[in-house]
Asker: 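Take a look at the following structure, please.
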Amino acid sequence: LRHFPWLVLACVPFTTAASQVSLSGSVSLATPYVFRGVTRSNGWNFQPEVFAAARLAGGYLTVGGWANLEAGSNSPGNLTDLGGTRPGFSEVNYWVQYARPLGEVEATVGAVRYTFPADAAAATRDSDDNTTEIYGAIQLSSTYLVPRLTAYLDVERVRGIYLEGGLTVPLLAYPFGNPIVFYASTLAGYNLGQELNPDRPNQGANFRHDGFTHFDFSIRATLRPVKSLPLSMNIEPHWQLKVDDFTKRTSPEPGDANRHIQFWLDVSISTGIGLP
Amino acid sequence: MSRRQPLILLTAGLVIAAPNYVNSGPPADLLSGRPAAWPTGRLAVCAGFCAGFGRADITPPPGVGLAGNGPEGKVAAGYRVRLFVRALVIKDARGESVALLVADLAHVSPTLHRMTAAAVAQQTGLTADRILISATHTHAGPGHFYSEKQYNGFGSSVPGYDTTVVHYLAQAFRNAILEAWRTMAPARAAWGQLPVWGFTRNRSYLAYLENKPEPSHPFPVPSGLDPLHRAVDPTWTMLRVDLKDESGVYRPAAAYSVFAIHGTANPPDGDLIDADIHGMLERGLERHIDAKLSIQPSFRNHSVHLVANGTEGDVSPDWPATARCGIPRIQPVLRPGGPRTPAAPWQWRFSDSVTVQLCTRSARDFITEAGDSITRRVAALYEDLGSKLQDNLEIAVAFRTDSLPGFHGLCPAPYTGVSTTAGAEDGPTRLRGWRLFGLFNLGFEEGGSAVNPHPRGCHREKRVALGETLQNLLTGKDALAQVAQLTVVRIGDLLIGATPAEVTTVAGFELKRAIRDSMVAAGGSVGAVALVSMANGYIQYVTTDEEYRVQHYEGGSTIYGPRMATVLAEQLGTLAGAIGRARGGSPANQVYDLLSNPGDTVQVLPPRNAGPPPDRITRRVLAMECSGDTVRVRWLDAWPGRLFPADTMMVQFDPPVGHPVWDDDPRVEIRAVRPQGGSGFVWEARLSDSRILGRPIRFTATPRADFPSPVSQECR
């Protein structure tokens, strides 16, 4: 499981678009936990999420929380934020987001607070690494290509901008009955100021250098396996080309310290009930 | 819940080895369980040339899948112009007889044909070979009755075979035949033809042009007619039949017509059961005949006009561009979530309600105008035939059933082409024009990449959708049509050929030529040949070899390969020749048993006991609104299933002037809106008519068997 295949399993309740106010929760099982190209933990990770949403001015105002629970695979052979050998939350995020369509464009703004509750001496990240980002995204809807550009600005500990540009295209869709849709996505990460800053050594860093951090290519299939249940499944293999040095380390093994290519498979199962 | 339907054996007469179809003794009312009465009166005690007409309402309640546009079709929310099956039974002085039926359906199936035959054989002596049932091809009628799994699975957006639908339709067909049989009287008949140009066009013109030399037309082409409108068979064939009344006078009674026009004047986005343009053509001449008989307009016309479809494979009604609403597009959908929430699945985005309203109105305007214009011309033909009526026409019927796989060079297995998945010009699917990454064509189009660049094997240029292996895996064995029931009927010197296929214009010319030539070669005389499509089953399309090469929708849907037209021409010619060799009489027709493979059985038709019983429902008008040229009424009534439109009239509007307007009128829409707890079901009736502007109008939900009290309200 260290290198191939890696698996992400998520159970994500979804809400109906027609709900005026909704409360949703999710839990994911992921290995490894890769964030912006950086492999944060390659043990088993549970990732619960809860959020409340309200329809507002044609869009959704959402407030929620997300956490990563490192689930006991914190052996010396695994990367870990938490450190130690006991399971625990390595990361908790709180966020607020507003998204609404503007014609064929979907616009999103939000803020996310990253906290790292670990207190073990061996922890890679702890409360000193807590930080906050604000972000905005635009996504264009068209028949074939759906481009999305997201900008994250760290306003606290790391400072600087991280840009993510993506392009999604539906490949094939079985349109009738329970739909099965295959998508292809490409994504590029670009760092503008979140790298190591020699002038301010106490400042946090997500990357070693500025510029492109990684490129990701994935194919996602979504389907509803059981007709009578509000259950959807995502299967999404990823191929990632690592550019920044921080993204190239995929495990503590010396041989994995400078990998250029990473592959993993996401499998998520989503279910839920919309609230009135 | 669905359950597996076993292979069903359909016989010439009674259905055997069919658990759902066993029918002994008097036929039961299969929906209510009440025994139906045997027809009374003298049966077929009529000497000489005799005819009778019948009609039965086949409008189902909302909830059925609308067949014809495949999975792109909607689920019926209600109805507009009612569906009927109409029957003409004729018998000559020698005792030869035939029943001609036309149903307002997308297609018919061998199951319906054989069940109908089984149901009438005892009373009428009409066997399966003597019954010709064809469909108008409206794309707004129910599915779920096919003999083939694929058509039940993908014929509409509601997959499944429903034995209740099958029994419901077969019983209506039976009733129509028995009514015709009961009312048989000495008759006079005459046939004639006229060209009807300008209301149809070839929807697959590039494929049509592949035919070299360009076919000559049976009628002179009007000058100024553009190529698309010329590339059709404009022939309207009509058999007029007058019946002798009790006073001994022959009076106009009805007509049987054949004309090539797809039943696709309505857009696929409509969610109402509707007889489409054929509904106008049927009723138009019926009203004309009723007027001649001084019969006042009523909910149901007195006379009967059957409009069978001709070689309509590539022939569309000339609907305006504004009569189409656009195809769905898959797009991301805005959903609540945050930066870590997994991406939501994309969804299909459909035309908004305003767009659908506008394009539907445009289509209906075309249907009304074209229906009226065509009716005027057809009524003139009907009048012309009045001076040519004869009472000594002879009838003959030749019939055969062919197993299609490998038959006379047909492909050993049927396959659907990739161009079929793109849909025809009338009803493009959401896959039409789809390109991988927006760049690479996968064949979801007519012609182009739908053509196999390296033709090989029996299907030659056809690029099989998903490939033969995968299509076999997904659809299973025998999922497409396996048999063709072919008929040639002689009525005087008019020959009517009938196939279960949708035949293109030029392929139709070939088939008709084969019928004519074979009859002449056998020593018979031929005045004219008409070809009826979608009769006694459904085997999809038949193109010419040349049209097949370019793999338009019709070529991709020619499921047994490029020799289909040739083989059908041979077989129809054989039938015509057999009549000729029998000196104009019927040869000995063999009627073989058939197997059907309808796939999973589901219950689609709402049950007769749906919702609360009648004694717990207080029928009442909930709201009535008169705004501009529209009256909208909501009333509380029984659930769909208990409230069966086919049982009788549902609503009536009484304007201050003119005759009442019933729910069979194209200006009236009926929709089942929603259940209202245990107190009933909310229905909506909408009347749109500029003549009611500012005038008082009364709405009545009419009495029915279990609901004797009418519900009525007036607004201005």
Side-chain angles (χ1 to χ4, degrees), chain A residues 10 12 14-15 17 19 22 24 26 28 47 49 51-55 59-66 93 95-97 99-101 106 110 112 133 135 137 139 141-146 150 152 168-173 175-177 179 181 183-185 220 222-224 232 234 266 268 270, chain B residues 1-2 65 69-75 153-160 326-350 418 421-423 428-444 465-466 470 474 600 602:
Chain A
V12 186
F14 57 82
T15 56
S19 301
S22 61
S24 304
S26 72
S28 304
Q47 295 175 335
E49 180 184 42
F51 56 88
R55 292 283 283 179
Y60 286 105
L61 177 65
T62 314
V63 180
W66 175 94
N93 299 170
W95 46 266
V96 58
Q97 173 177 298
R100 67 159 294 174
E106 180 186 315
V112 55
E133 285 182 338
Y135 61 92
Q139 176 174 287
S141 294
S142 59
T143 302
Y144 291 117
L145 300 173
V146 174
T150 310
Y152 298 89
T168 301
V169 54
L171 296 176
L172 281 175
F176 309 114
V181 187
Y183 316 83
S185 294
R220 179 163 56 104
T222 64
L223 64 150
R224 285 185 61 183
S232 71
N234 278 346
D266 286 359
S268 68
S270 308
Chain B
M1 291 292 287
S2 69
N69 287 303
E72 294 288 12
K74 303 295 184 204
V75 178
F154 291 88
S156 75
S157 58
V158 183
I327 58 177
R329 296 193 303 163
I330 189 167
Q331 289 182 319
V333 175
L334 181 64
R335 286 192 179 277
R340 300 280 197 163
T341 307
W346 294 14
Q347 290 190 348
W348 292 95
R349 194 172 291 180
F350 296 87
V418 70
T421 61
T429 71
R430 63 192 71 180
L431 296 178
R432 191 181 178 94
W434 185 270
R435 290 172 180 235
L436 184 63
F437 302 118
L439 297 173
F440 305 107
N441 215 324
L442 299 179
F444 298 121
L466 303 173
L470 195 52
L474 290 176
D600 293 344
V602 296

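Side-chain atoms are counted along with the backbone in the values below, which use heavy atoms only and exclude waters and symmetry mates. Letters A, B, ... are given to chains in the order of the sequence lines, protein chains preceding strands, and every chain is numbered from 1.
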Asker: Can you tell which of A:G110, A:A99, A:A184 has the highest number of heavy-atom pairs within less than 4.5 Å of chain B?
Answerer: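 The option with the most such pairs is A:A99.
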
Asker: List the atom of B:W346, the atom of A:Y183, and the distance in Å for their closest heavy-atom pair.
Answerer: N-OH, 2.8 Å

Asker: What's the spacing between B:T341 OG1 and A:W95 CH2 if we round to 0.5 Å?
Answerer: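 Going from the OG1 atom of B:T341 to the CH2 atom of A:W95 covers 4.5 Å.
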
Asker: Side chains of A:E49 and B:R340, heavy atoms from C-beta outward: is any pair under 4.5 Å?
Answerer: yes

Asker: First locate atom CD of A:E106, then atom CZ of B:R335, and finally report the distance between them rounded to the nearest 0.5 Å.
Answerer: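 Rounded to the nearest 0.5 Å, the CD-CZ separation comes out at 11.5 Å.
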
Asker: How far apart are the closest heavy atoms of B:P339 and A:Y135, and which atoms are they?
Answerer: CD-OH, 3.2 Å

Asker: Pick one of side chain, backbone, both or neither for A:T168, based on which atoms fall under 4.5 Å of a heavy atom in chain B.
Answerer: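 When you check distances to chain B, atoms from both the backbone and side chain of A:T168 fall under 4.5 Å.
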
Asker: Suppose we screen for salt bridge (Lys or Arg N to Asp or Glu O under 4.0 Å). Which residues come up paired with B:R432, at least two apart in sequence or across chains?
Answerer: B:E446

Asker: Name the option with the most non-hydrogen atom pairs under 4.5 Å to chain B; the candidates are A:R220, A:Q97, A:Q139.
Answerer: A:Q97

Asker: Looking at every heavy atom in both A:Y60 and B:L334, which two are closest together, and how far apart are they?
Answerer: CE1-O, 3.6 Å

Asker: Which heavy atom of A:P170 sits nearest a heavy atom of B:W434, and at what distance?
Answerer: O-CZ2, 3.1 Å

